[in-house]
Amino acid sequence: METRVAPHAQGKVYVDKLFGTGMAAKQASIQYGKENVVDASMGAITDDTGTLICLPTVEEQFRKMPIQEMISYSPVAGIPTFLEAAIKHTFGEYTPDAYIRAVASAGGAGAISNAIWNYSNVGDTILTHDWYWTPYTTICRETGRFLRTFELLNNEMQFNLESFLMSVKHLLFEQDYLVIILNSPNHNPTGYSISNEEWDEILKIIVQESHNTMKTITLVVDIAYIDYTSNPTQARSFMKKFGNLPANILVTFAFSMSKGFTAYGQRTGALIGVSSDKTVIEEFENVTLVTSRARWSNVNRGCMSLLGTIYNDDSLLTKVNSEREKYNMLIKERADIFLHEAKKVDLKVLPYYSGFFITIPCKNPEDVSNRLIDQKIFVAPLSMGIRIAACSVPSTQMYGLATKIKDAMVASNNVTL
């Protein structure tokens with residue numbers, strides 16, 4: 001086959017199963033009616049009619065914004081009021097004792113990509129858990145990196161510290177730079193959250209393995225779903241632990257406005273760096289800014305301005321938090337229905353604490369997914385199971401869903417992992 005792209009780009013084909021499933025669900029809704037289709041595929045909140053929601057105060061502020069503010073260029077680093085608000089929103093009451101900087105990014109994905117590019121070498125291996133957001137793989141491949149996973153959960157369904165330790169040791173033996181991605185709280189796709197005690201053990205391992213100061217460890221904490229815990233304020237308490245770490249450990253947070261502020265398609269986020277060393281954090285700001293300029297120049301000014309406006313007005317912030325809590329409770333109601341029925345029909349579900357997603361481990365997830373599609377039920381097939389988006393399934397459609405999934409698995413001669 002004739003090719004004209006450079007060797008490093010040859011053979012690239014992008015098949016997005018998740019968005020493909022989402023589009024198929026939308027087509028089915030048009031053909032059969034929304035009330036007859038269960039769309040449990042997409043990570044976006046819908047109301048009980050299946051309509052995508054936007055927090056009312058967020059929508060109000062967008063509509064009031066002068067068009068010039070909406071369409072103007074922004075600084076590459078981001079609008080100062082946005083950067084300040086992003087840091088405030090990320091840490092809440094638990095800002096670590098450290099130097100902190102933020103640089104705007106094209107969503108959380110852009111933040112993760114920037115961290116990988118600047119804190120690992122081409123050919124290095126990036127570490128994350130075996131249940132993970134699949135674009136991590138795409139980001140690594142596109143930047144000339146590899147992705148390795150450790151087992152997220154042990155036999156007691158808790159964070160697998162032994163698997164994590166062995167993977168960290170192995171990779172630090174092989175390479176000088178190690179980027180570790182951990183998605184918590186409300187991990188995508190399982191809804192698992194790392195406890196404060198588990199964070200203590202994770203940090204103990206990282207500090208222990210950082211003894212060789214010629215090595216650099218960068219922790220990327222993907223906090224996309226942090227605002228959908230039972231207590232969003234307390235959910236940030238683990239962040240206080242990242243102060244006063246050795247200088248060869250950089251902690252970063254991938255902040256995104258997609259979920260917490262229902263601004264999914266606006267692609268506005270930030271990479272936030274935390275370091276005990278002022279020189280390291282200044283370097284972080286500079287290298288991240290240059291990479292941003294090279295990749296997307298600058299990001300959505302309107303959305304950045306929106307966050308700054310909300311955080312500069314206590315009454316607006318209170319309203320946004322209240323509106324978000326309403327939908328947080330709606331997601332919990334939906335998840336509770338599913339989990340209760342899953343237990344009744346003996347359907348194994350991975351530990352779910354809160355958040356958008358619930359995951360059922362199974363063999364042949366594609367086959368199970370296809371059997372469900374035949375019933376007009378659309379879920380996200382993963383490599384080791386299927387994911388249910390509790391955020392997008394009306395409560396009335398949650399009833400009976402666990403039974404239908406169990407039946408599809410039995411019909412497919414599946415055995416849960």
Side-chain angles (χ1 to χ4, degrees), residues 22 25-26 29 34-35 38-63 85-86 89-90 92 107-108 133 183-193 222-236 255-269 303 306-307 309-311 313-340 352-359 378-380 387-399 401:
K26 285 180 172 56
S29 295
K34 281 196 298 187
E35 69 280 3
V38 178
D39 184 2
S41 64
M42 298 299 290
I45 306 172
T46 66
D47 62 20
D48 275 337
T49 71
T51 302
L52 183 69
I53 69 100
C54 180
L55 299 178
T57 299
V58 170
E59 179 179 358
E60 179 187 9
Q61 293 306 307
F62 261 132
R63 293 186 182 280
H89 186 76
T90 293
W133 187 49
N183 179 201
S184 184
N186 303 339
H187 167 268
N188 177 4
T190 69
Y192 183 81
S193 294
D222 185 348
I223 55 169
Y225 302 91
I226 195 167
D227 291 316
Y228 295 91
T229 61
S230 57
N231 187 335
T233 299
Q234 187 63 27
R236 289 160 162 82
F255 163 77
S256 171
M257 289 188 66
S258 293
K259 310 301 186 296
F261 294 87
T262 59
Y264 310 103
Q266 299 300 303
R267 309 314 306 140
T268 307
C303 204
L306 171 76
L307 189 66
T309 297
I310 290 171
Y311 261 84
D313 187 324
D314 288 343
S315 65
L316 289 179
L317 182 58
T318 299
K319 287 174 66 177
V320 168
N321 289 339
S322 176
E323 291 161 1
R324 188 191 297 114
E325 178 60 19
K326 169 189 170 184
Y327 288 104
N328 196 5
M329 294 305 296
L330 180 62
I331 295 170
K332 182 181 184 303
E333 174 188 305
R334 296 166 176 176
D336 285 348
I337 293 168
F338 182 86
L339 294 171
H340 175 72
Y352 172 85
Y353 289 51
S354 51
F356 279 28
F357 305 115
I358 301 170
T359 290
F378 296 82
V379 301
R387 189 192 75 181
I388 308 300
C391 57
S392 65
V393 180
S395 298
T396 54
Q397 291 186 331
M398 274 295 190
Y399 290 104
L401 183 56

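The residues of the chain are indexed from 1 along the displayed sequence. We use all heavy atoms of the structure for the numbers below, so side chains are in, but hydrogens, waters and symmetry mates are not.
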Between the side chain of Tyr264 and the main-chain N/O of Arg267, is any donor-acceptor distance below 3.5 Å?
no
List for me each residue that meets side chain to side chain donor-acceptor pair (under 3.5 Å) alongside Lys332, sequence neighbours excluded, and say none if there are none.
Asp336
So does Asp227 get a backbone contact from the side chain of Lys259, meaning a donor-acceptor N/O pair under 3.5 Å?
no
Is a donor on one side and an acceptor on the other found under 3.5 Å between the side chain of Thr359 and the backbone of Pro189?
yes
Here the gap from Gln397 atom CD to Ile337 atom CD1, rounded to the nearest 0.5 Å, amounts to 11.0 Å
Aromatic ring proximity, centroids under 6.0 angstrom, His89 and Phe261:
yes
Any chance you could measure Thr396, atom OG1, to Asp48, atom CG, to the nearest 0.5 Å?
6.0 Å
Look at Arg63 together with Glu59 and state whether they make a salt bridge at an N to O cut-off of under 4.0 Å.
yes
Test item: Asp47 side-chain N/O and Ile53 main-chain N/O as donor-acceptor pair under 3.5 Å
no
Where the side chain of Glu323 meets the backbone of Thr57, is there a donor-acceptor pair that is under 3.5 Å apart?
yes
With a cut-off of under 6.0 Å to the ring centre and 45° to the axis, is Arg387 in cation-pi contact with Phe356?
no
For the CZ atom of Phe338 and the OH atom of Tyr399, what is their distance to the nearest 0.5 Å?
14.0 Å
Straight-line distance of Tyr327 OH to Thr46 OG1, nearest 0.5 Å
10.0 Å
For Ser395, which residues count as a side chain to side chain donor-acceptor pair (under 3.5 Å) partner, sequence neighbours excluded?
Glu333
CE of Met42 to CZ of Phe357: how many Å apart, nearest 0.5 Å?
8.5 Å
Does atom CG of Asn231 have more than 12 heavy-atom neighbours, drawn from other residues, nucleotides or ligands, at distances under 6.0 Å?
yes
For Ser29 and Ala25, indicate whether the former's side chain and the latter's backbone hold a donor-acceptor pair under 3.5 Å.
yes
So, Ser392 versus Asp39: side-chain donor-acceptor pair below 3.5 Å or not?
no
Taking the side chain from Ser256 and the backbone from Gly107, do they hold a donor-acceptor pair closer than 3.5 Å?
no
For the side chain of Asn183 and the backbone of Asn188, is there at least one donor-acceptor N/O pair under 3.5 Å apart?
yes
